[in-house]
Number of protein chains: 2
Amino acid sequence: MNSILSALAEPNRLHIVELLRDGPLTVGEIADRLGLHQPQASKHLRVLSEAGLVEMQPVANRRIYRLRPQPLMELDAWLASFRRIWEERFDRLDEYLLELQKSEQKHDDKP
Amino acid sequence: MNSILSALAEPNRLHIVELLRDGPLTVGEIADRLGLHQPQASKHLRVLSEAGLVEMQPVANRRIYRLRPQPLMELDAWLASFRRIWEERFDRLDEYLLELQKSEQKHDDKP
DNA sequence: CTTGAATATACCTTGACAGGAATATTCCAA
DNA sequence: TTGGAATATTCCTGTCAAGGTATATTCAAG
């Protein structure tokens, strides 16, 4: 979960993932479209690969990279656990303020 | 989008967000539950706040932090644009290999 | 077998960021 | 009004990661 997020946190890598959404690409093509030097493209792809976000298939001289759905599905599952917050307007602030107040009173109790 | 991801990429901050999923909390409580020193908790909350992931309401001495749904919804929307990839098994690798092959042939054309 | 294209790797440098410790600020209670 | 609790901020330091450049590797074509 964490490697996924930190992989996506880098702007160029996020951009690569968005590029690959429309289909597989070669390292050179990725570097071109993002205005990166080839070594940086390779390095970012390595990080994405280690996070499982991307997989590679060699074809002669080139390496074709494509998206792997699994990590994105994990991210989706994680997000799902928050969905009730905005669907049910789940706030709990009032509830929490009451609890705070109670604990204050307890603190004041003198037996 | 980017500030959201880099905010969540830090393990302690991700943990804070998960804590707040169950309701608002005080800085001190957050620090306690995560085994953080108070200053670090405050700093992480600042980053989360600047990313819009969290909002604060002062109550006397304390600051109550709670989750803000919007950034998580944005993340969800972004993920949605990838959903077809794993729903439709959208791969396009074969298609891409054919295109590669075609461009090779073009390269060989001698007029 | 040699050359050039495509890619990966290594090394260096620099900047950003997280943690630690100290300090400032604000507020309530006695 | 003074003290202590809760929190934010500042400064310092070390670490890590990204970019740049050079180089190694692999492959196809001639």
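The chains referred to below are lettered A, B, ... by the order of the sequence lines, with proteins before strands, and numbering in each begins at 1. Because only heavy atoms are used, hydrogens play no part in the values below, and waters and symmetry mates are left out as well, while side chains stay in.
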- Message: Tell me whether the side-chain N or O atoms of A/Q38 pair up with the base of C/dA6 as donor and acceptor below 3.5 Å, since no angle test is needed here.
- Response: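 Side chain to base: no pair below 3.5 Å.
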- Query: By side-chain contact (heavy atoms from CB on, under 4.5 Å), which residues pair with B/R46, not counting sequence neighbours?
  - Reply: B/E50
Rounded distance in Å - [atom1] ([X]) to [atom2] ([N]):
X: B/D32; N: D/dT7; atom1: CG; atom2: C1'; result: 13 Å
X: A/H37; N: C/dA8; atom1: NE2; atom2: C1'; result: 16 Å
X: B/N61; N: C/dA30; atom1: CG; atom2: P; result: 14 Å
X: A/L45; N: C/dA6; atom1: CG; atom2: P; result: 16 Å
X: A/L34; N: D/dG19; atom1: CG; atom2: P; result: 11 Å
X: B/H15; N: C/dG19; atom1: NE2; atom2: P; result: 13 Å
X: B/E29; N: D/dA5; atom1: CD; atom2: C1'; result: 14 Å
X: A/I16; N: C/dT7; atom1: CD1; atom2: C1'; result: 14 Å

- Task: Using a cut-off of strictly less than 4.0 Å, decide whether B/Y65 has a side-chain nitrogen or oxygen near OP1 or OP2 of D/dA6.
- Result: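 B/Y65 to D/dA6 OP1/OP2: no side-chain N or O under 4.0 Å.
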- Task: Describe, as an angle rounded to 10 degrees, how the axis at the first end of the helix from C/dC1-D/dG30 to C/dA30-D/dT1 is tilted relative to the axis at the last end, five pairs per end.
- Result: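 One end axis against the other gives 20°.
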Locate the shortest heavy-atom distance separating [X] from [Y]; write the atom from each residue and the value.
X: A/R13; Y: A/A7; result: NE-O, 2.8 Å
X: B/L14; Y: B/L8; result: CB-O, 3.6 Å
X: B/L34; Y: B/I16; result: CD2-CG1, 3.7 Å
X: A/P71; Y: A/A51; result: CG-O, 3.9 Å

- Value rounded to 0.5 Å, distance of CD in A/Q70 from CD1 in A/I4: 8.0 Å
- What is the per-nucleotide protein-contact pattern of nucleotides 10-18 of chain D, from the 5' end, where B denotes a base atom under 4.0 Å from a protein heavy atom, S denotes such proximity for sugar-phosphate atoms only, and - denotes neither? BB------S
- Item | A/E10 vs A/H44 side-chain heavy atoms within contact, under 4.5 Å | yes
- Message: Between A/S81 and B/R21, is the side-chain hydrogen bond (donor to acceptor under 3.5 Å, both in side chains) condition met? List the steps.
- Response: CA-CA 8 Å; A/S81 70; B/R21 178 176 45 192; 2.6 Å; yes
- Nucleotide of D/dA8, C/dA6, D/dA6 approaching A/T26 most closely (side-chain heavy atoms):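 Side chain of A/T26 sits closest to C/dA6.
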- Query: Do B/F82 and B/W78 have ring centres separated by under 6.0 Å?
  - Reply: yes
